[in-house]
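As structure tokens, the structure follows; a few thoughts come after it.
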Protein chains: 2
Amino acid sequence: MNSSADMFLTPSDPTDTGTQQIRDAIRDAIVERRLAPGTKLSESDVGGLFNVSRTLARAALQALAYEGLVNVERNRGAFVAYPSPEEARQIFAARRLVEPGILKSAAERITAVQLKQLGQLLVEEGRLMGERGQSARRAEIKASGDFHLMLASISGNLIMQRFMEELVARSSLVIALYGQSSASSCGHSEHAGIIAALERKDVNTACDLMLHHIEHIEADLDLRERKGFDLRQAFER
Amino acid sequence: MNSSADMFLTPSDPTDTGTQQIRDAIRDAIVERRLAPGTKLSESDVGGLFNVSRTLARAALQALAYEGLVNVERNRGAFVAYPSPEEARQIFAARRLVEPGILKSAAERITAVQLKQLGQLLVEEGRLMGERGQSARRAEIKASGDFHLMLASISGNLIMQRFMEELVARSSLVIALYGQSSASSCGHSEHAGIIAALERKDVNTACDLMLHHIEHIEADLDLRERKGFDLRQAFER
DNA sequence: TTGCGCCATATTGCATACAATAATATGCAT
DNA sequence: ATGCATATTATTGTATGCAATATGGCGCAA
């Protein structure tokens, strides 16, 4: 009855309104990898967990499906997305395609204050790398994504920002599934390099570094097609 | 009771299942400009029109909201999106950012058959340009967008394809609102130029042409900020 | 034991009912 | 008439109920 999802989700504040909070909570859980790919998210479970009816739970799950974080199979329910290797490749191809452009845009508009904020993000990232434990690891995952999201935000284009939010979230799923080294610890120094290039207004180098950075993340993935591994998403844990 | 939307929407085939058909029908209506920006889409009206309950109508409207074609205001309802000049700028900035990359990707993978199909799309576009009447105009709008969507499809990246679908659809809204010349008739020849460049595998020229093409569409817009024109979306027609 | 078919159960799909909110109309005082 | 308070109506927000589908268990035959 109660799926394994129960213990990983945090009920929302009762003063909340609507599906937004539920959606955000589940997204966070997925992005921070507290919910494994393939996990079933039943409407009753989600609704019960947040003390709302199935109606709202359903709406939240469908919204997450639009973001590509959840698969909704007709008459079967919603599952945390289980991106195929091909999907994984496309996600990173998309990032290679858009992130240099976003970075260029951001470089044109970035202020001193924002540069400083980026630096702070970096410091925080480094601090988390030093810490131990699940919770620090999760925070590190989030911080690493936030770096890219902040650049998108600085670019000033809300549409690209939302798109990047989708891509970063889905990347997290991909890394959870196919990542080899525990964390892309090299990512931190690469972020630093990008900031440095931004500081000296060297846009081209910044873009190059960004491309390399994405390629490095990708290189850490083992995207070999595992035969029959896809069927019902590895037994629909 | 019956909003002005009624006469512009086509009820779906009764054999349909789910919200998908409703969503597609409304999206088509918006993209083909049979539904003006700002038009209210009440849940009962939409449901009644498609012979489904408000539940499904609501789901369809929320899906459209996620695509940026509809604004849902809490306790007030759903309206065909009315993009602000700033939004319009961002939509086209996003297109300038991604379309060259998509085109490059497409150029690497395009087959002779696909090149031929692109050519056919172009012929059809030209034919429609010659015809008169609302219906031809709508078909022309759609065909013009299909050119860009087909390139995205050829690129082989489903994620970028979906993103482009969103961008093209939203562009249609922007042109409906801010376009000056009746149609970007020059667009046709620009599409032709891009295909020609693709044929001779001249990717760089193709990308340049694409950028210029997007800039030309943008140049036809009058994005001057009209003071107080935004308030409740010009009286929420 | 293995394989198949049937029944019980759980879960989703969808519609409806009720509650909450906003929009509109009415009436009264000025 | 105008402005404001109040009542009425329309529309959305959310929960619940029933039907349809899928899942899992049980028995029976081989």
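Just so you know, these numbers use all the heavy atoms, side chains as well, and skip hydrogens, waters and symmetry mates. All values reported here derive from a predicted model rather than from experimental measurement. In what follows, every chain begins at residue 1, and chains take the letters A, B, ... in the order their sequences are listed.
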Which atoms of nucleotides 15-19 of chain D (N or O only) lie under 3.5 Å from a protein N or O atom, and what are those distances?
from   : atom 1 : to    : atom 2 : distance (Å)
D:dA15 : OP2    : A:S53 : N      : 2.8
D:dA15 : OP2    : A:S53 : OG     : 2.7
D:dA15 : N7     : A:T55 : OG1    : 2.8
D:dT16 : O4     : A:T55 : OG1    : 3.3

Which pairs, protein N/O on one side and nucleotides 19-21 of chain C N/O on the other, fall under 3.5 Å?
from   : atom 1 : to    : atom 2 : distance (Å)
C:dT21 : O3'    : B:N75 : ND2    : 3.3

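For A:Q20 and D:dT14, the CD to P distance is 12 Å, given to the nearest whole Å. Following rounding to the nearest Å, A:I22 (CD1) and D:dT14 (C1') show an atom-to-atom distance of 11 Å. The interatomic distance linking B:Q62 (CD) with D:dG13 (C1') rounds to 10 Å, in whole Å. For B:E73 and D:dT11, the CD to P distance is 16 Å, given to the nearest whole Å. Computed from coordinates, the A:E43 CD to D:dT21 P distance equals 16 Å when rounded to whole Å. Atom CZ of A:F79 and atom P of D:dA22 are 13 Å apart (whole Å). Rounded to whole Å, atom P of C:dT12 lies 15 Å from atom CG of A:N71.
When the side-chain nitrogen and oxygen atoms of A:K40 are compared with OP1 and OP2 of C:dT12, one or more of them lie within a distance under 4.0 Å. For the pair A:R58 and C:dG13, the criterion of a side-chain N or O lying under 4.0 Å from OP1 or OP2 is met.
In this structure, the side-chain contact (heavy atoms from CB on, under 4.5 Å) partners of A:E108, at least two apart in sequence or on a different chain, are A:K104. The side-chain contact (heavy atoms from CB on, under 4.5 Å) check on B:R96 picks up B:F92, B:A93, B:L211, B:I214, B:E215, B:E218, with sequence neighbours excluded. With sequence neighbours left out, the salt bridge (Lys or Arg N to Asp or Glu O under 4.0 Å) criterion links A:R224 to A:D222. Every side-chain contact (heavy atoms from CB on, under 4.5 Å) that B:Q117 has, sequence neighbours left out, goes to B:V113, B:Q114, B:Q120, B:M150. Shown here are the side-chain contact (heavy atoms from CB on, under 4.5 Å) partners of B:L158, two or more places apart in sequence or in another chain: A:Q90, B:Q161.
Rounding to the nearest 0.5 Å gives a distance of 8.5 Å between CG of A:L167 and CZ of B:F163. Distance check, rounded to the nearest 0.5 Å: CD1 of B:I102 to CG of B:N157 gives 8.0 Å.
Sorted by first and then second residue, the salt bridge (Lys or Arg N to Asp or Glu O under 4.0 Å) pairs involving residues 54-66 of chain A (not counting sequence neighbours) are A:E43-A:R54, A:E43-A:R58. Each salt bridge (Lys or Arg N to Asp or Glu O under 4.0 Å) pair with one or both residues in residues 141-168 of chain A, not counting sequence neighbours, appears once here: A:D28-A:K142, A:E32-A:K142, A:E166-A:R170.
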